[in-house]
Amino acid sequence: DAGVIQSPRHEVTEMGQEVTLRCKPISGHNSLFWYRQTMMRGLELLIYFNNNVPIDDSGMPEDRFSAKMPNASFSTLKIQPSEPRDSAVYFCASSLGGNQPQHFGDGTRLSIL
Amino acid sequence: EDKVVQSPLSLVVHEGDTVTLNCSYEVTNFRSLLWYKQEKKAPTFLFMLTSSGIEKKSGRLSSILDKKELFSILNITATQTGDSAVYLCTLQPSNTGKLIFGQGTTLQVKP
């Protein structure tokens with residue numbers, strides 16, 4: 001079975017550019033989560049969706065970050081404009097919801113120069 | 001504020017050793033405590049614990065939760081070099097789907 005699929009795997013871009021990260025959750029999962037991981041702060045939840053609806057975006061750092069889930073099989077995380085401090089690994093995870101474990105994608109390693 | 005604290009932060013052992021990783025928490029109400037293993041890429045799910053005192057076991061790995069003393073442990077017996085990874089403890093509060101992660105324990109198993 002396919003797991004959570006993220007793209008791109010790596011992204012290197014200059015500060016000020018728009019960055020779009022993509023995620024395809026596991027089919028049938030109704031909860032989707034975006035995380036950011038850095039050495040300093042570990043894994044931090046940015047936002048999560050239930051049934052395509054954003055439930056909690058309190059972890060989104062600032063207005064430069066936005067996330068959408070137009071349908072059950074696709075989500076995007078956008079950073080505009082990007083800054084060097086946004087450099088991190090961004091993970092997407094999905095679950096069947098409720099009290100079920102989350103399954104993570106391989107992440108997007110983002111470097112903003 | 002809800003908090004998850006793991007110890008030790010890092011550990012170096014030799015193959016065949018047994019290790020115990022600790023996770024303590026300050027979360028008022030939670031649905032479950034989960035353990036993940038992270039090697040070079042994504043965290044992979046190991047265990048989900050919801051009830052106190054019931055051990056979960058998978059091969060050489062086992063875990064147990066103590067809701068009275070607010071901690072969990074992850075045991076790995078007869079360690080192998082493939083067990084080298086960061087082990088993450090995380091809690092899911094009752095009123096939300098989000099996970100609260102600990103800092104992780106970095107385990108290195110030497111041949």
Side-chain angles (χ1 to χ4, degrees), chain A residues 1-10 23-26 29-60 67 69 88-109, chain B residues 1-10 21 23 25 27 29-52 54 56 58 61 63 65 67 72 74 85-107:
Chain A
D1 288 340
V4 176
I5 299 172
Q6 290 186 246
S7 64
R9 297 290 294 274
H10 303 273
C23 175
K24 178 179 167 56
I26 294 172
H29 283 192
N30 61 356
S31 295
L32 183 141
F33 306 80
W34 281 102
Y35 291 90
R36 177 171 68 177
Q37 186 175 40
T38 61
M39 289 290 290
M40 292 295 294
R41 300 172 69 93
L43 261 169
E44 303 174 280
L45 178 70
L46 300 175
I47 185 171
Y48 80 94
F49 297 82
N50 268 352
N51 297 316
N52 313 340
V53 176
I55 302 300
D56 186 342
D57 65 354
S58 59
M60 295 286 261
M69 192 165 186
V89 180
Y90 290 80
F91 287 104
C92 176
S94 70
S95 74
L96 281 168
N99 195 24
Q100 297 298 320
Q102 295 177 22
H103 298 270
F104 285 75
D106 284 343
T108 294
R109 184 172 294 276
Chain B
E1 183 184 340
D2 295 337
K3 194 163 61 170
V4 177
V5 177
Q6 292 185 244
S7 63
L9 291 182
S10 64
L21 309 183
C23 176
Y25 57 88
V27 177
N29 292 297
F30 67 94
R31 285 180 178 171
S32 55
L33 182 147
L34 300 95
W35 284 95
Y36 284 84
K37 176 183 180 183
Q38 186 174 23
E39 296 175 84
K40 292 185 178 177
K41 293 182 180 175
T44 52
F45 171 73
L46 294 176
F47 296 112
M48 176 188 285
L49 304 160
T50 54
S51 300
S52 203
I54 298 175
K56 292 280 182 89
S58 176
L61 276 67
S63 184
L65 173 64
K67 284 189 171 181
S72 173
L74 175 68
V86 176
Y87 290 84
L88 297 164
C89 175
T90 180
L91 265 79
Q92 183 180 26
S94 296
N95 59 349
T96 173
K98 64 198 312 184
L99 294 178
I100 303 169
F101 281 88
Q103 326 92 297
T105 293
T106 300
L107 173 66

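Since this is a predicted model, take the numbers as computed values, not measurements. Chain A is the first sequence line, chain B the second, and so forth, proteins listed ahead of strands; every chain is numbered from 1.
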### Query
Given a strict heavy-atom distance threshold of 4.5 Å, which part of Ile55(A) is in contact with chain B: side chain, backbone, both, or neither?
neither
### Query
Can you check whether Leu99(B) reaches Phe33(A) side chain to side chain, under 4.5 Å on heavy atoms?
no
### Query
Of the listed residues (Asp56(A), Leu43(A), Asn50(A)), which shares the most heavy-atom pairs with chain B below a 4.5 Å separation?
Leu43(A)
### Task
Against chain A, label Thr50(B) side chain, backbone, both or neither, depending on which of its atoms sit under 4.5 Å from a heavy atom there.
side chain
### Query
Say you draw a straight line from OH of Tyr36(B) to CZ of Phe104(A); how long is it, rounded to the nearest 0.5 Å?
5.0 Å
### Task
Heavy atoms only: give me the nearest Phe91(A)-Pro43(B) pair and the separation to one decimal.
CE2-CD, 4.0 Å
### Message
Can you tell me which of His103(A), Gln102(A), Gln37(A), Arg41(A) forms the most heavy-atom pairs within a distance under 4.5 Å of chain B?
### Response
Gln102(A)
### Task
Can you tell which part of Gln6(A) gets under 4.5 Å to a heavy atom of chain B, answering side chain, backbone, both or neither?
neither
### Message
Does any backbone or side-chain atom of Asp106(A) lie under 4.5 Å from a heavy atom of chain B? Answer side chain, backbone, both or neither.
### Response
both
### Shortest non-hydrogen contact between Gly105(A) and Ala42(B), atoms and distance
O-CB, 2.7 Å
